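Inspection log for the structure reproduced underneath, given as structure tokens.
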Amino acid sequence: MVCVLYFAKSAELSGVREELLQVDTPINSQDLWTRLLGLRVLQGHVVLAVRHQYVAIDDQEALTLRDGDEVAVVPPLSGG
């Protein structure tokens, strides 16, 4: 299982701040994204962070998620 953390609009749309999700590995980021129901409207506006590294949703390289990993759905970051 992995722990998915939702921030900002993704938390509002999912209705939770975090959830445990059972996934098979390896999995690419697009396949992981499709498991996160109700967030498709945010595609192109958020990135995923896995083990503190950003992963683009359209990145087709396989992710190797381990049991207990955290995956964050991160809103756009702005400079300032």
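What you see is a predicted model; the values in this text were computed from it and never measured.
- Here the shortest heavy-atom pairing between E18 and C3 reads OE2-SG, 3.8 Å.
- Here the shortest heavy-atom pairing between Y54 and V47 reads CD2-CG2, 3.5 Å.
- Transitive grouping of hydrophobic side chains (ILVMFWY, heavy atoms separated by less than 4.5 Å) brings L36 and V41 into a common cluster.
- Taking every heavy atom of both residues into account, L39 and W33 meet most closely at O-CZ2, 3.1 Å.
- Between L20 and V2, every side-chain heavy-atom pair lies at or beyond the 4.5 Å cut-off.
- The CD1 atom of I57 sits 10.0 Å away from the NE2 atom of H45 when rounded to the nearest 0.5 Å.
- Checked against side-chain hydrogen bond (donor to acceptor under 3.5 Å, both in side chains), E12 has the following partners two or more places apart in sequence or in another chain: K9.
- A single hydrophobic cluster is seen to contain both L13 and L48, as judged by linkage of ILVMFWY side chains at heavy-atom distances under 4.5 Å, directly or through other members.
- T25 contributes no side-chain N or O that, together with a main-chain N or O of T64, makes up a donor-acceptor pair within less than 3.5 Å.
- By the rule that hydrophobic residues join a cluster once side-chain heavy atoms approach within less than 4.5 Å of another member, I27 and M1 end up as members of separate clusters.
- Between Q43 atom CD and T34 atom OG1 the span is 9.5 Å, to the nearest 0.5 Å.
- Annotation for S29 and A56: closest pair OG-O, 2.8 Å, computed over non-hydrogen atoms.
- Residues F7 and V4 are members of separate hydrophobic clusters, defined by side-chain heavy-atom contacts under 4.5 angstrom among Ile, Leu, Val, Met, Phe, Trp and Tyr.
- Residues L21 and L32 are in side-chain contact: their nearest non-hydrogen atoms beyond the backbone lie under 4.5 Å apart.
- The two atoms that bring R35 and V23 nearest to each other are NH1-CG1, 3.6 Å, heavy atoms only.
- Of all the heavy atoms in E70 and L5, the pair that sits closest is OE1-CD1, 3.7 Å.
- Counting only distance, with no hydrogens or angles, the side chain of S14 and the backbone of S10 share a donor-acceptor pair below 3.5 Å.
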